[in-house]
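Down below is the structure, laid out as structure tokens.
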Amino acid sequence: MKLPRPLAALALLAAWATLSSFPLYAAEKPVTLLNVSYDPTRELYGEVNAAFRAQWKASTGQEVTIQQSHGGSGKQARSVIDGLEADVVTLALAGDIDAIARSGQLPAAWQQRLPNNSTPYTSTIVFLVRKGNPKGIRDWKDLARPGVSVITPNPKTSGGARWNYLAAWGSVLEEGGDEAQARDLLSRIFRNVPVLDTGARGSTVTFVERGIGDVLVAWENEALLSLKEFGADRFEIVAPPRSILAEPPVAVVDRVADRRGTRKVAEAYLAFLYTAEGQAIAARNFYRPRDAAALAAAKVAFPKVELFGIELFGGWKAAQEKHFVEGGEFDRLAR
Amino acid sequence: MNRIVLTTLGGLWLASHLAAQTSAGSASAEPASTPPPAGSSVATPEELDQRVRILERKLELEAEKSEALAKTQGQAVAGKDGFEVKSPDGAFRLKLRGYLQVDGRFFLDDDSIPATDSWVIRRARPVLEGTIFKFVDFKFMPDFGGGSTVLYDAYLEARLSKAARVRVGKFKPPVGLERLQSATDIAFVERAFPTGLVPSRDVGVQLGGELLGGKLDYQAGLFNGVVDGGLADQDSADGKEYAARLLWKPFQPADGGVPGIDLALGLAATRSDEEGSLTATGLPAFRIPGSSTFFAYRADASLAGTVRADGVRQRLSPQAWLYVGPFGALAEWVSSTTAVRRNTVVADLENVAWQLQLSWVLSGENNSFKGVVPRRPFSPQGGGTGAWIVAVRASGFEADPASFPLFADPARSVREATLIGASLAWNPMRGLRWLVDYSRVTYDGGASGAGATADRPDEQALFTRFQVAF
């Protein structure tokens with residue numbers, strides 16, 4: 001049955017009014033991400049999160065809130081395995097994310113999903129000493145001298161501590177020493193450690209704020225941050241001749257992101273770390289950006305250090321199994 | 001401050017040691033400011049300072065570790081309220097409680113109606129209760145008393161708000177006042193006649209809560225429906241029973257505390273459609289615990305000789321309590337009317353029961369519906385006296401006169417029963433109780449004799465109870 005003309009017009013008008021009341025772009029509802037990170041990245045991700053939030057809002061109209069959790073990398077990994085619902089993890093070492101992958105929350109080949117083995121920035125391990133370097137600390141061997149008090153976190157809980165440990169061990173091998181000599185050095189160094197914090201930030205507090213120890217074995221970014229925050233008149237950085245290339249990786253936790261429907265945002269968040277803006281933020285927070293232009297443009301005097309990689313130990317899996325598992329090298333020398 | 005004190009003391013000691021060396025070796029005196037020789041065990045002030053800082057930092061880290069652990073680890077608690085494990089946030093909780101009642105029943109002058117004097121395990125009830133997801137409670141309570149196993153309570157309750165709690169499962173329907181009082185808190189060993197006219201446990205769903213700042217409690221539920229005094233796990237007919245209760249507590253403070261005058265006035269009612277059979281009549285029988293039945297409807301499994309429920313059953317029960325200091329009073333009246341049929345003859349029969357109970361806490365503690373907690377618990381090593389409570393009661397049962405003789409045998413079922421009793425309870429400490437009570441029941445009717453029906457002989461009993469509850 002044909003509608004009378006006025007009625008048809010009225011129907012069309014009603015339809016148009018109804019359809020035009022819908023916005024052309026329906027903004028998606030706000031989303032929250034949880035980034036479970038290691039201990040010293042508070043400042044980095046504070047800046048990254050603010051920048052990403054603004055960029056995501058501008059490009060998609062969606063509000064995103066990023067919650068942060070910080071702690072020793074190993075401890076954080078265990079928390080995620082035990083059920084802490086992280087959309088992304090940004091931990092100190094690949095071995096910790098491998099452990100999460102073994103729990104089935106992300107694929108075993110996670111590291112190939114992002115460039116540079118999923119490490120958007122790197123760092124290394126240096127020494128932070130009291131101003132004037134009263135104990136004359138220059139190299140890893142000096143940490144083993146009697147009367148030198150060394151601050152480093154616990155390798156059982158802290159990813160940074162594991163980098164510290166492997167940097168010391170690797171320095172011996174790189175200089176032509178053998179396993180027994182490396183073991184002896186680490187044994188004497190850990191005899192000089194009066195307090196074992198659970199994470200790198202805790203060790204910084206111990207050394208810088210509590211005034212304990214002669215030397216802090218630290219992430220380079222943490223040492224540079226301490227100089228900036230607490231004054232170059234109180235501390236100075238000593239770069240050992242050799243140290244390890246520390247590559248802290250990042251990953252989306254697939255099981256959580258898919259269940260919460262946050263995969264798209266989580267992937268974009270990690271991809272942001274590789275953008276020019278993300279790389280500049282990394283440099284400002286004393287991480288060594290992967291991007292050469294960003295590194296060159298960074299107004300940071302990164303120490304000159306001869307770097308060796310985790311490949312010296314056969315990769316993180318081998319290093320973890322040899323040194324840090326129950327009954328491994330660290331347990332034996334800590335007894 | 002500790003660091004300053006320790007370093008100062010260390011410095012003073014060092015100084016005194018150096019001074020002693022100086023005065024002792026004056027011929028080859030060394031300057032007082034000479035530092036201790038290398039390898040010396042004497043700690044410098046700086047070393048002492050470092051040691052103190054290290055100790056302080058270790059304490060700090062230990063405290064952080066304990067705090068982090070407390071957030072993730074549950075707690076296990078054992079105490080006067082039972083045994084409990086709970087998650088750090090309290091959202092998940094499992095509690096094991098229980099109570100044991102060992103009764104002694106001694107019938108006096110029972111030559112006419114012999115009743116066996118006996119010790120009995122009256123109740124042996126483990127209680128498993130808890131909470132999941134912070135707002136759903138559950139309770140599971142079997143009873144192993146008397147040599148049998150019966151599931152008394154098994155329910156879930158979702159606490160949506162103070163005004164709305166939804167309970168599903170098997171539990172006490174909201175009807176009888178003394179029935180709703182916990183068996184561990186009643187003033188006498190056995191409850192009075194009104195409890196025989198209300199359901200004990202039933203399976204159903206109930207909405208309840210507190211309104212008007214806690215001054216008004218309400219419950220409304222839909223249950224299978226059980227005979228007076230009965231309990232069952234499933235229904236035998238399609239008809240269901242509606243039950244509702246309002247309890248007004250005019251002096252109840254909004255914060256949930258105990259008012260100085262604890263007055264409660266309530267009204268409960270039930271209504272259902274019952275249909276009994278020749279083998280499951282749907283009708284109650286009444287007796288004194290341990291003794292013989294004093295009222296029952298005719299039932300010989302034949303159509304002509306069996307009375308069964310056939311129609312509406314409704315109950316009405318006004319009820320009240322008053323507790324002021326050591327004084328307590330509890331009163332209830334229950335009317336239970338059931339449509340019955342014997343072959344082709346039908347009737348609505350109303351049985352009525354009532355009680356008035358008065359109690360006094362001799363040791364001065366506050367009396368309450370939920371029992372008396374001794375202020376000065378008893379201890380063999382010379383503690384307090386515990387709590388002593390004395391109570392008296394009167395209770396009556398009246399069968400519908402229309403029951404006789406067609407529906408109930410006047411030679412076996414009484415028209416009326418009246419009970420008077422007195423009790424003495426001693427709560428030496430929370431969770432322990434000893435109770436002794438005397439009761440005398442007199443009857444109208446219920447026995448055969450020349451001419452009109454004679455009266456069933458009076459019954460006297462001395463009951464005692466030893467109870468532990470946690």
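Naming convention: chains lettered A, B, ... in sequence-line order (proteins, then strands); numbering from 1 in each chain.
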Only pairs under 3.5 Å count here: list side-chain donor-acceptor contacts from residues 229-236 of chain A, not counting sequence neighbours, and write none if there are none.
{"residue": "R234(A)", "atom": "NH2", "partner": "V208(A)", "partner atom": "O", "Å": "3.3"}
{"residue": "E236(A)", "atom": "OE1", "partner": "G132(A)", "partner atom": "N", "Å": "2.8"}

Would you be so kind as to tabulate the donor-acceptor pairs closer than 3.5 Å made by side chains of residues 211-218 of chain B, with sequence neighbours excluded?
{"residue": "K215(B)", "atom": "NZ", "partner": "Q252(B)", "partner atom": "O", "Å": "3.0"}
{"residue": "D217(B)", "atom": "OD2", "partner": "K249(B)", "partner atom": "NZ", "Å": "3.0"}
{"residue": "Y218(B)", "atom": "OH", "partner": "A163(B)", "partner atom": "O", "Å": "2.6"}

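Within the 4.5 angstrom heavy-atom criterion, no atom of D82(A) approaches chain B. For a residue to count as touching a neighbouring chain, one of its non-hydrogen atoms must lie under 4.5 Å from one of that chain's; by this rule I54(B) touches chain A with backbone and side chain alike.
By the 4.5 Å heavy-atom criterion applied to side chains, F470(B) and R430(B) are not counted as neighbours.
Contact tally against chain A (heavy-atom pairs below 4.5 Å) for E64(B), K65(B), E60(B): the top residue is E60(B).
Ion pair R260(A)/D87(A) flagged as a salt bridge, since at least one NZ, NE, NH1 or NH2 atom sits closer than 4.0 Å to an Asp/Glu carboxylate oxygen.
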